[in-house]
Peer 1: 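Below is a structure I'd like to ask you about.
Chain letters run A, B, ... following the sequence lines, proteins first, then strands; residues in each count from 1.
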Protein chains: 2
Amino acid sequence: MGDLVSITTAEHDALARLEERERAVRRGATIQRENDRVGELFILKKGVMMSSMLLDDGSRQILRFLFPGDMMGLSSLAYREAPETLTALSDSVICPFERAALSEIVGAHPRLGALMMVYGQIERAALTDRLAALGRTSAKARVAAVLIDMRNRLRMIDKSITDTLVLGLTQEEIGDATGLTAVHVNRMLRQLEDDGLIAREHGRITFANERALIREANYVDRYQGLDLSWLPAAR
Amino acid sequence: MGDLVSITTAEHDALARLEERERAVRRGATIQRENDRVGELFILKKGVMMSSMLLDDGSRQILRFLFPGDMMGLSSLAYREAPETLTALSDSVICPFERAALSEIVGAHPRLGALMMVYGQIERAALTDRLAALGRTSAKARVAAVLIDMRNRLRMIDKSITDTLVLGLTQEEIGDATGLTAVHVNRMLRQLEDDGLIAREHGRITFANERALIREANYVDRYQGLDLSWLPAAR
DNA sequence: CGTCAAATTGAAAATTATCAACGAGAGTGG
DNA sequence: CCACTCTCGTTGATAATTTTCAATTTGACG
């Protein structure tokens, strides 16, 4: 949240209290399973995770990739049972906390409450972008969008990333995020490569023509264009 | 919100202040256009509306259908420019209000702030369900899901609706919501009819086999299974 | 070196889109 | 009251996209 607006010491301390406890999570481990009774909320401190849903026929839809600083399991605020599954894509560190801790913070620091609403709207915009992508864009565009999104969000943690990245996703995972089969993801990656938009060597992807890739993907960066001028003063 | 939890008089009055101004909107009219500078937020008081996005190639994705009681344009809380378009599907009445009004309410009534977060999570779950549907279910299932969802949400306003409803959507609109063409929506409706799951006569749809329809659609009602026991006491 | 998950490729099948035509019903102006 | 027009729904034929199935190949790692 500190990336959105500058935070006072008191606010910082309040947020830090959410991160008092830490828990390491291994790649592949699930910390919240769909339809299980919900428990804690989490902040992702280190690593990459994903939120997903499983359908009756066994297929999986990845809803969102999660990066350090993201809050996870907010559905506990509304539901008795979790609507989504949370799984680590890399070895990660999470900070579990209670719903009550959130209530307290928002009570004591109204501006942080407002920031959470902002955070919620950014997430919402990201979800609706993906909805539009799944509903109305080609397989190639959807794969391109995942690549760009991954790059941008990884860059928020590690500024050194520019046009080359290690995805850390299998083609099956890309397929589960884009609503495609792993086989077709493979073909789309090859097409993007043949078109000269990307280059690949061992799981490392280079953006050979970033502008064209962004155009191909219909990509909009939802961490841009924010307007936080209305936020209440810090207290 | 009063449907979620019982509301005190003070809370009720605070919310009523958001609905002081009213504005009638004609079917087809747009009250917020994508990429336009955002202005007010709205509560839908009467009628049915939709939120949608337009893609570069001119195709449209309907993100969500909106019913009385829904808040609209919350993206103004985060963005300078609107990420989605808001359009009336029937003659409607909306109540515009300012961001500041929301801040005040949340400041004065923490429990209403918490309820807004709950509301946000319900919306989120609805969006992720649709994401999974677009990514991983068949055309027939997606069309069935729209029918059931419409029925359930209309029933929240009008309890007399049980197994028959007037959709109020063209097949093109159903297509824009499900990521299909109008032609294919037509064929899927015919299939659902041939399968004996629904019956149709003039735009009126009857659920002939509700259980099978829900199974076909993979439908989960996100207004069920809420847990609001953690909410702070009213103040 | 052996093993196993992941990536790659080809061929065939299934799903969905596109194109084109026609019909039914609702308003509109003469 | 009668063309006329327009949107919406319907249907058939064909094309494009994506999946499925079945092999291989590659690379990482014990």
Peer 1: Look at all strands and tell whether B:Gly175 reaches a base, only sugar-phosphate, or nothing, counting heavy atoms closer than 4.0 Å.
Peer 2: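 No contact at all - B:Gly175 keeps every heavy atom at 4.0 Å or more from the nucleic acid.
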
Peer 1: Taking it one step at a time, do B:Met50 and B:Leu169 satisfy side-chain contact (heavy atoms from CB on, under 4.5 Å)?
Peer 2: CA-CA 11 Å; B:Met50 67 175 176; B:Leu169 297 178; over 6 Å; no

Peer 1: Measure all distances between protein nitrogen or oxygen atoms and nitrogen or oxygen atoms of nucleotides 14-17 of chain D, and list the pairs falling under 3.5 Å.
Peer 2:
none

Peer 1: What's the spacing between A:Leu226 CG and A:Gln121 CD if we round to 0.5 Å?
Peer 2: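 Interatomic distance, A:Leu226 CG to A:Gln121 CD, rounded to 0.5 Å: 11.0 Å.
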
Peer 1: Distances under 3.5 Å between protein N/O atoms and the N/O atoms of nucleotides 5-10 of chain D, please, pair by pair.
Peer 2:
{"unit_1": "D:dG9", "atom_1": "OP2", "unit_2": "B:Gln171", "atom_2": "N", "d": "2.8"}
{"unit_1": "D:dT10", "atom_1": "OP2", "unit_2": "B:Gln171", "atom_2": "NE2", "d": "2.6"}
{"unit_1": "D:dT10", "atom_1": "OP2", "unit_2": "B:Asn186", "atom_2": "ND2", "d": "2.7"}
{"unit_1": "D:dT10", "atom_1": "OP2", "unit_2": "B:Arg200", "atom_2": "NH1", "d": "3.2"}
{"unit_1": "D:dT10", "atom_1": "O5'", "unit_2": "B:Asn186", "atom_2": "ND2", "d": "3.1"}

Peer 1: Closest-nucleotide mapping onto DNA chain D: is A:Met188 or A:His202 further toward the 5' terminus? I mean the 5' end.
Peer 2: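 Nearest-nucleotide comparison on DNA chain D picks A:Met188.
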
Peer 1: Rounded to whole angstrom units, what separation is found between the CD atom of A:Glu201 and the P atom of C:dA7?
Peer 2: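 Value for this atom pair: 15 Å.
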
Peer 1: To the nearest Å, how far apart are B:Lys140 NZ and C:dA17 P?
Peer 2: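 Taking NZ of B:Lys140 and P of C:dA17, I get 16 Å after rounding.
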
Peer 1: Tell me the interatomic distance from B:Leu180, atom CG, to D:dT18, atom P, rounded to whole angstroms.
Peer 2: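 Rounded to the whole Å, the gap is 13 Å.
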
Peer 1: Tell me: CD of B:Gln191 to P of C:dT16, nearest whole Å?
Peer 2: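 Atom-to-atom, B:Gln191 to C:dT16, this comes out as 9 Å.
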
Peer 1: Between A:Asp163 and A:Arg151, does a salt bridge (Lys or Arg N to Asp or Glu O under 4.0 Å) hold up when you go through it step by step?
Peer 2: CA-CA 8 Å; A:Asp163 62 348; A:Arg151 198 275 307 258; over 6 Å; no

Peer 1: What is the distance, rounded to the nearest whole Å, between atom CZ of A:Arg204 and atom P of C:dA7?
Peer 2: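 It is 15 Å, rounded to the nearest whole Å.
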
Peer 1: In degrees rounded to 10°, what angle is found between the helical axes fit to the five outermost pairs at each end of the helix from C:dC1-D:dG30 to C:dG30-D:dC1?
Peer 2: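 Answer for the end axes of this duplex: 40°.
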
Peer 1: Apply side-chain contact (heavy atoms from CB on, under 4.5 Å) to the pair A:Leu74 and A:Met116, showing each step before the final yes or no.
Peer 2: CA-CA 11 Å; A:Leu74 288 186; A:Met116 299 240 210; over 6 Å; no

Peer 1: Regarding A:Gly203, tell me which of base, sugar-phosphate or nothing describes its non-hydrogen contacts under 4.0 Å with the strands shown.
Peer 2: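 Answer is nothing: A:Gly203 stays at 4.0 Å or more from every strand.
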
Peer 1: I need the single residue from A:Lys140, A:Arg215, A:Arg190 that forms a salt bridge (charged side-chain N to carboxylate O under 4.0 Å, His left out) with A:Asp195. Which is it?
Peer 2: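 Running salt bridge (charged side-chain N to carboxylate O under 4.0 Å, His left out) over A:Lys140, A:Arg215, A:Arg190 with A:Asp195 returns exactly one hit, A:Lys140.
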
